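Below is one structure; the comments refer to it alone.
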Amino acid sequence: MELSAILQRTRSICVLTGAGISAESGVPTFRSVDGLWNKFRPEQLANFGAFIRDPKLVWEWYNYRRKILETVNPNPGHIAIARMEEMVHDFTLATQNVDNLHRRAGNKRVLELHGNITQSHCIDCGTRDDRPDCSDENKTPRCKSCGGLIRPAVVWFGEMLPQDVFEEAKRAAQRCDLFLSVGTSALVYPAASLPMAAKQAGAYTVEINIERTEQSGMFDETLLGRAGEILPLIADSIQLNKGVKA
Ligand code: BV8
Ligand code: ZN
């Protein structure tokens with residue numbers, strides 16, 4: 001059974017996205033050569049130990065990424081997923097991205113498996129402070145109520161994902177009849193376990209990537225190409241099948 005046939009009768013879609021969907025917006029991916037700070041492996045900076053050892057360096061990296069996000073916009077891939085949410089009865093979006101672009105594209109419900117870089121809070125009292133004072137680059141941002149260190153609200157390597165969010169994504173993967181894995185190298189767990197959970201529950205699984213990945217062999221179909229070109233075609237096909245007026 002091909003994807004086009006599935007799209008005619010699908011009532012429940014679950015989508016998992018990775019950095020690849022934001023590449024066409026100009027957000028560097030993690031593993032691409034011009035990737036983020038490619039002299040560091042993400043695991044080296046995106047962990048609590050590194051933060052405690054050198055909070056200034058880790059904040060430099062997050063402020064560098066926050067700055068990029070102020071200059072980019074959602075692309076046709078993000079927008080196609082927001083359209084799918086409108087059209088499909090049971091639609092779930094789970095993302096590994098912390099870039100807030102799915103929300104900016106109009107998705108109302110986004111399961112942020114790894115948090116959101118535009119948010120931050122105190123590691124001691126938990127007070128939220130999304131605009132910590134990073135003006136003095138020699139100082140690390142401190143909590144206005146207890147003086148504790150402020151950290152980005154993202155999930156670092158070795159840290160648990162927000163369990164309610166991950167469990168909801170897993171339930172959606174096991175409930176859907178179509179699972180789309182978009183722009184992810186599928187190397188980071190437990191997010192990378194979701195496609196297999198969908199497959200084992202009988203969903204039709206499709207990978208969308210500019211190249212094959214570690215998991216390509218598991219998918220029913222791998223569509224090689226740019227997410228910003230393939231996803232609008234899928235959204236159009238869903239719209240056509242539902243005869244939904246734009
Ligand atoms: C945890 C937030 C419990 C921070 C991130 C099982 C096996 C092995 C290892 C583990 C395991 N279980 C746990 C681990 C350890 C670890 C892990 O998975 N390590 C990996 C490296 C092997 N996992 C964890 O630590 C997780 N926590 O397990 O807690 C626990 C607790 C204590 C002790 C033990 C267990 C937490 C993981 C979350 C880490 N945080 N991000 C931040 O962003 O700063 S992960 C981060 O990296 C991203 O969120 C994302 O998940 C990952 C990057 O992957 P992608 O998004 O896929 O991006 P990438 O660049 O790799 O690939 C882009 C793809 O797009 C490519 O394939 C490319 O071809 C494609 N592409 C490019 N352009 C396009 C495109 N596709 C389509 N169109 C285009 N235009
Ligand atoms: Zn505090």
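Counting starts at 1 for both ligands and their atoms, following the listed order. None of the values given here were measured: they were computed from a predicted structure.
If you look at S185 next to ligand 1, the close heavy atoms, those under 4.0 Å, come from the backbone and the side chain alike. If you look at L113 next to ligand 1, there are no close heavy atoms at all, none under 4.0 Å. Contacts of R65 with ligand 1, taken as heavy-atom pairs under 4.0 Å, involve the side chain alone.
Atom numbering of ligand 1 starts at 1 in the shown order; those under 4.0 Å from a heavy atom of L187 are 18 (O), 20 (C), 22 (C). Of all atoms in ligand 1, numbered sequentially from 1 with element shown, those under 4.0 Å from a heavy atom of A23 are 73 (N). Atoms of ligand 1 lying under 4.0 Å from at least one heavy atom of Y62, given by number and element, are 4 (C), 42 (C), 44 (O). Close approach to E211 involves these atoms of ligand 1, each under 4.0 Å from a residue heavy atom: 69 (O). Of all atoms in ligand 1, numbered sequentially from 1 with element shown, those under 4.0 Å from a heavy atom of A19 are 55 (P), 56 (O), 58 (O). Per-residue contacts place E24 under 4.0 angstrom from the following atoms of ligand 1 (heavy atoms of the residue considered): 78 (N), 79 (C), 80 (N).
Proximity of A191 to ligand 1 is not established, as no heavy-atom distance is less than 4.0 Å. Residue G225 places a heavy atom under 4.0 Å from ligand 1.
Taking 2.8 Å as the limit, the number of protein N, O or S atoms around the Zn ion (ligand 2) is 4.
Of the candidates G228, G183, G18, the one placing a heavy atom closest to atom 63 (C) of ligand 1 is G183. Within the set N116, N47, V155, V98, the minimum heavy-atom distance to atom 4 (C) of ligand 1 is found for V155.
Inter-residue side-chain proximity for Y62 and V154 is flagged as met; some heavy-atom pair is nearer than 4.5 Å.
The local environment of CD in E70 is crowded, with over 12 non-hydrogen atoms from other residues, nucleotides or ligands closer than 6.0 Å.
A side chain to side chain contact (heavy atoms under 4.5 Å, CB included) with I81 holds for exactly one of N107, I234, V110; it is N107. With respect to S22, the side-chain hydrogen bond (donor to acceptor under 3.5 Å, both in side chains) criterion is satisfied by exactly one of T95, D99, T29: D99.
Pairs passing the salt bridge (Lys or Arg N to Asp or Glu O under 4.0 Å) check and including a residue from residues 174-193, sequence neighbours excluded, read D90-R175. Residue pairs meeting the ring-ring contact (aromatic ring centres under 6.0 Å, His included) criterion with at least one partner in residues 74-112, sequence neighbours excluded, are H78-H102.
The side-chain contact (heavy atoms from CB on, under 4.5 Å) check on I210 picks up R226, with sequence neighbours excluded.
Note: an N/O pair closer than 3.5 Å links E159 and ligand 1 by distance alone.
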